[in-house]
Amino acid sequence: MNVALHTRLLPERIAEYEAAHREVPADLAAAIRAAGVTSWTIWRSGCELFHLLECESYPRLLAELQHLPVNVAWQEKMGELLDISHDYSDTGAGAGLPVVWEL
């Protein structure tokens, strides 16, 4: 399944966000893959971030990562850099951007 997400950076934290993503912890990347993600790309336009994930199940991904210590630490770090964060709540699995058109 494909899932598109939107998050937003704090303007003064762009450089930190990009630096952090040059050094994503290997154990976090492994956990994301183990949760069924085959691809995750993030694009940035100013402070707006657009994510495209290819995964087996987005609800499964959220459930497996939500309380995983390496992800909790990463989300805490990202939370300091973001104005709009990734949603791990009960409604998070439905929080992807709606498809408007496909070719």
Side-chain angles (χ1 to χ4, degrees):
M1 90 185 295
N2 290 323
V3 178
L5 303 171
H6 169 250
T7 55
R8 181 178 299 131
L9 282 167
L10 294 167
E12 66 276 11
R13 308 304 287 270
I14 292 171
E16 290 173 77
Y17 182 86
E18 291 187 350
H21 281 82
R22 286 191 291 272
E23 300 179 12
V24 173
D27 51 347
L28 177 60
I32 291 169
R33 284 189 191 96
V37 175
T38 56
S39 174
W40 190 326
T41 304
I42 304 171
W43 290 269
R44 183 177 66 79
S45 177
C47 292
E48 305 302 318
L49 299 170
F50 301 94
H51 309 243
L52 179 60
L53 295 79
E54 293 179 23
C55 60
E56 294 172 16
S57 166
Y58 187 56
R60 173 185 159 211
L61 168 67
L62 292 180
E64 289 190 23
L65 295 182
Q66 185 173 11
H67 300 293
L68 193 66
V70 67
N71 185 59
V72 170
W74 180 259
Q75 294 305 321
E76 183 177 308
K77 181 177 180 177
M78 293 301 102
E80 296 172 0
L81 309 178
L82 296 170
D83 186 28
I84 297 176
S85 299
H86 188 239
D87 185 4
Y88 280 82
S89 71
D90 290 339
T91 59
L97 298 173
V99 174
V100 175
W101 182 80
E102 287 184 273
L103 177 66

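- The environment of CD in Glu23 is sparse: at most 12 heavy-atom neighbours from other residues, nucleotides or ligands sit within 6.0 Å.
- The CG atom of Asp83 sits 9.0 Å away from atom CG of Leu9, with the distance rounded to the nearest 0.5 Å.
- Note that CG of Asp27 and CD1 of Ile32 are 10.0 Å apart. Values are rounded to the nearest 0.5 Å.
- Contact of the Glu48 side chain with the Trp43 side chain is not registered, since no non-hydrogen atoms from C-beta on lie closer than 4.5 Å.
- Under the 4.5 Å side-chain contact rule for hydrophobic residues, Val24 and Leu68 share a cluster.
- Here the CD-CD distance, from Glu80 to Glu16, works out to 8.5 Å after rounding to the nearest 0.5 Å.
- Taking hydrophobic clusters as Ile, Leu, Val, Met, Phe, Trp and Tyr residues chained together by side-chain heavy-atom distances below 4.5 Å, Trp74 shares a cluster with Ile42.
- Between Phe50 and His6, the ring planes are tilted. Angles from 30° to 60° get that label.
- Atom-to-atom distance recorded for Leu5:CG and Leu97:CG is 6.5 Å, nearest 0.5 angstrom.
- Among all heavy-atom pairs drawn from Ser85 and Thr7, the shortest one is C-CG2, 3.8 Å.
- Residues Val3 and Gly96 come closest through the heavy atom pair CG1-CA, 4.3 Å.
- Of all heavy-atom pairs spanning Glu64 and Ala35, the tightest one is OE1-CA, 3.3 Å.
- Other residues, nucleotides and ligands place no more than 12 heavy atoms under 6.0 Å from the CZ atom of Arg33.
- In this structure, Tyr58 is not a member of the same hydrophobic cluster as Leu52, with clusters built from ILVMFWY side-chain heavy atoms closer than 4.5 Å.
- Atom-to-atom distance recorded for Asn71:CG and Glu76:CD is 11.5 Å, nearest 0.5 angstrom.
- At a threshold of 4.5 Å between side-chain heavy atoms, the hydrophobic network of Ile, Leu, Val, Met, Phe, Trp and Tyr places Leu81 and Val72 in two separate groups.
- If you take CD1 on Ile84 and CG on Leu49, they are separated by 9.5 Å, rounding to the nearest 0.5 Å.
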